Amino acid sequence: MAQQTSSKSVSVGLLLIGQFLNVGLLFIFTPWLARALSKADYGTYGQVMLVSDLLRNLANTGLATVFSLYLARKQYPDATIFRSFMALYILLGLISMGAILVISPVASIVFNNPHLGYLTALYAFHLPLQMAVNPICHTLIHYRHSKHYLGVSVLGTLIRLLAMLVAVQVYNTVEALIISFYLVPLFQGIYGLATMPRHLLAKGASIEWSILKPAWKQSFPLAITQTLSFCYILIAGQLISWNYGTEVFALFRNGIAELPLISYVYISVGTILLPDMAIMLQQNRIAEFIRLKRDIAAQTAALIYPVIAFLLVFAACFVPLYYGQKYIDSTPIFFIANLILLFKITNYADVLNLTNSASLILRINWQVLLFNLLVSWVLIHYLNIQGGALALLLTNALLYLLLLRKSMQVIKQPLWATIPLRNIIKQALYYVVLALTIRLIAGKAAFSFLGFVASLFVYTLIVYLSAAKLGWLNVRYYYSFFAKIPLGKPLYNWLLKN
């Protein structure tokens, strides 16, 4: 049991390291892209991603959960499950491609951008390749091949950024930028297949077509609910683009750009522990399930709350340094978007997914979508792009509250059973007070690059060491990280003992 727990801790640690590397690379690259492109081109690029990702999420989201469940239940040989889901992913990628090609002319109209239709259609053709990489990644996670998954993930990010760099520097067009995306799934797929367990690729295994229909039927409610959640940003983006233009949309997009990046942390931990949580619920080990969920929430808060607190306090310094002065009006959007991240410490829908109650998730999302439509229209009309960000904050808060309430009703637990409220409130207050203290000490120097970096360095050093010392951050999860840095092992042992 101890060895199994250690293996899971290493897997979680590697997965988190991988996500932080990806976030770090994108974090560095995003401001360069914003500065290299004009506001109009940058806004157009953001609109292409927004429209295309809607249908890609509809086809893709939910399958990861179902794929994990099929592998855990062992109803078919793993090789058969892998090949069957690979076929399903590619098929859905082709369907998504076709759907985007059909709606691309409409996208130009509703977003008030004549270039959007052609560029969205161009983006669509790489989707089948990108979808084919997903079952490879899910399989590597299932088999605890976290190092290889880390390789696939980071390699994809590096190839994407290098290709985008060449596209912008040489051609400086959104068209070239989108064409560069075609390289990413090719390299990821080759590396992923080369590192997969050999028995999954052995001759003799076939596609079990009878799996495809029930698998898609099971994942479809999950896909719909995730797509409805994605619609909140889509609605805000469309209303802002229609009323204020592509350049104003670029301001809005920069303000919310880091939302998906930081939220990868809780998604990563939840993904690797999903099979364990499924077994706990199947065996009615509710108390153990609650403890695991609370631990995930506390650990995720210890990782992302320090980042959120610093960005909230230093928002006025960070945005012009990061994006440049031409995007200084993104500051209030950025501040509000970081408040949304406070909720991103747990998966509020996993209980309903794992107890075959996905229809409840769908019903809640439809209700919240109607709320979002009304609130977005009113707030954007009266408060401009700030209203769009505020609508996202209110919508996400309502969605997570309703999902949490229904989840706890299903397993007959108190509302906050899976959320360590006292722990995360203590953490949040501590991190904000520390950030405010450093901000006051830094003064006007925080608006300069060196002053900001110095403040960040001091804050990061104090905050994560103190989080580990106070027991908020379980350093056992990150042994693989400490083992690979200078003086990492002595520091790990010191934190563990103290």
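Residues take their numbers from the sequence shown, with the count starting at 1. Bear in mind that the values here come from a model prediction, so they are computed numbers and not experimental data.
- In terms of modelled atom types and a separation under 3.5 Å, the side chain of Lys293 and the main chain of Thr346 share no donor-acceptor contact.
- With hydrogens and angles left out, the side-chain atoms of Lys426 and Tyr431 include no donor and acceptor closer than 3.5 Å.
- Atom CG of Asn338 sits about 12.0 Å away from atom CD1 of Ile333, to the nearest 0.5 Å.
- For Phe187, the CZ atom sits in a loose shell: 12 or fewer heavy atoms of surrounding residues, nucleotides or ligands are nearer than 6.0 Å.
- Residues Pro135 and Thr139 share a closest heavy-atom pair of O-OG1, 2.7 Å.
- Distance check, rounded to the nearest 0.5 Å: CD1 of Ile240 to CD of Gln47 gives 10.5 Å.
- Side-chain contact between Val432 and Leu312: absent, with no pair of heavy atoms (C-beta onward) separated by less than 4.5 Å.
- Proximity of Ile380 to Ile385: side-chain heavy atoms (C-beta onward) are nowhere separated by under 4.5 Å.
- The NE2 atom of His126 sits 8.5 Å away from atom OG of Ser52, with the distance rounded to the nearest 0.5 Å.
- In this structure, the side chain of Gln427 engages the main chain of Ala302 through a donor-acceptor pair within 3.5 Å.
- With hydrogens and angles disregarded, a donor-acceptor distance shorter than 3.5 Å links the side chain of Thr195 to the backbone of Gly192.
- The shortest distance between side-chain heavy atoms of Leu360 and Val410 falls below 4.5 Å.
- Asn365 places a side-chain N or O within donor-acceptor distance of the main-chain N or O of Ile361, the cut-off being under 3.5 Å.
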| query | Going through the checks in order, is the side-chain contact (heavy atoms from CB on, under 4.5 Å) test met by Leu373 and Ile235? | reply | CA-CA 7 Å; Leu373 277 167; Ile235 289 168; 3.6 Å; yes

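- Contact of the Val319 side chain with the Phe335 side chain is not registered, since no non-hydrogen atoms from C-beta on lie closer than 4.5 Å.
- Tyr305 has its side chain out of reach of Leu341: every pair of non-hydrogen atoms, C-beta onward, lies at least 4.5 Å apart.
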| task | Go through Tyr430 and Trp472 one step at a time and tell me if the ring pair (Phe, Tyr, Trp, His ring centres under 6.0 Å) criterion holds. | result | CA-CA 11 Å; Tyr430 171 74; Trp472 293 334; 5.6 Å; yes

| field | Trace of the side-chain contact (heavy atoms from CB on, under 4.5 Å) decision for Met131 with Ile90 | value | CA-CA 6 Å; Met131 292 283 283; Ile90 294 174; 5.9 Å; no

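- The aromatic rings of Phe318 and Tyr322 sit parallel, their planes meeting at an angle under 30°, below the 60° perpendicular limit.
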| request: Could you please spell out the steps behind the side chain to side chain donor-acceptor pair (under 3.5 Å) verdict for Tyr400 and Lys344? | output: CA-CA 9 Å; Tyr400 296 143; Lys344 303 280 187 176; 2.7 Å; yes

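- At least one donor-acceptor pair under 3.5 Å links the side chain of Tyr459 to the backbone N or O of Pro306.
- Tyr191 pairs by the side chain to side chain donor-acceptor pair (under 3.5 Å) definition with nothing, not counting sequence neighbours.
- The main-chain N or O of Val463 is found under 3.5 Å from a side-chain atom of Ser466 such that the two form a donor-acceptor pair.
- Heavy-atom minimum distance, Ile345 versus Leu342: CG2-O, 4.0 Å.
- Looking only at distances, a side-chain donor or acceptor of Ser407 sits under 3.5 Å from a matching main-chain atom of Tyr348.
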| Can Val152 and Leu155 be said to form a side-chain contact (heavy atoms from CB on, under 4.5 Å), step by step? | CA-CA 5 Å; Val152 172; Leu155 176 67; 5.9 Å; no

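- Thr300 contributes atom OG1, which lies 9.0 Å from atom CG of Asp295 (distance to the nearest 0.5 angstrom).
- Between the side chains of Ser84 and Tyr76, no donor-acceptor pair of N or O atoms lies under 3.5 Å.
- Atom CZ of Arg422 sits in a sparse spot, with 12 or fewer heavy atoms from other residues, nucleotides or ligands closer than 6.0 Å.
- Here the straight-line distance linking atom CD1 of Ile336 with atom OG1 of Thr331 works out to 11.0 Å at 0.5 Å rounding.
- Of the residues listed (Leu403, Asn396, Leu399, Leu394), the one engaging Val368 in a side-chain contact (heavy atoms from CB on, under 4.5 Å) is Leu399, and it is the only one.
- The two residues Leu94 and Pro128 have their closest heavy-atom pair at CD2-CG, 3.6 Å.
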| said: Leu281 vs Ile411, test: side-chain contact (heavy atoms from CB on, under 4.5 Å). Steps then yes/no. | reply: CA-CA 9 Å; Leu281 287 179; Ile411 60 175; 4.3 Å; yes

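- Residues Ala435 and Ala309 come closest through the heavy atom pair CB-O, 4.0 Å.
- Side chains of Gln130 and Gln188 form a contact here, defined as non-hydrogen atoms less than 4.5 Å apart.
- Contacts classified as salt bridge (charged side-chain N to carboxylate O under 4.0 Å, His left out) and involving residues 279-291 (residues at least two apart or in different chains) are given here: Arg285-Glu288.
- The closest donor-acceptor contact from the side chain of Asn284 to the backbone of Met280 lies at 3.5 Å or more, if one exists at all.
- A 4.5 Å side-chain heavy-atom check between Ile290 and Gln413 finds at least one atom pair inside the cut-off.
- Nearest heavy atoms, Gly237 versus Leu50: CA-CD2, 4.2 Å.
- Asn254 and Ser330 are not linked by any side-chain donor-acceptor pair at a separation below 3.5 angstrom, with hydrogens and angles left out of the test.
- Residues Asn134 and Tyr89 share a closest heavy-atom pair of CB-CE2, 3.6 Å.
- In this structure, Val133 and Leu129 have side chains that are not in contact, with every pair of non-hydrogen atoms separated by 4.5 Å or more.
- Although no hydrogens or angles enter the test, the distance criterion places a donor-acceptor pair under 3.5 Å between the side chain of Arg294 and the main chain of Ala417.
- Considering CE of Met86 and CG of Leu193, their distance stands at 6.0 Å, rounded to 0.5 Å.
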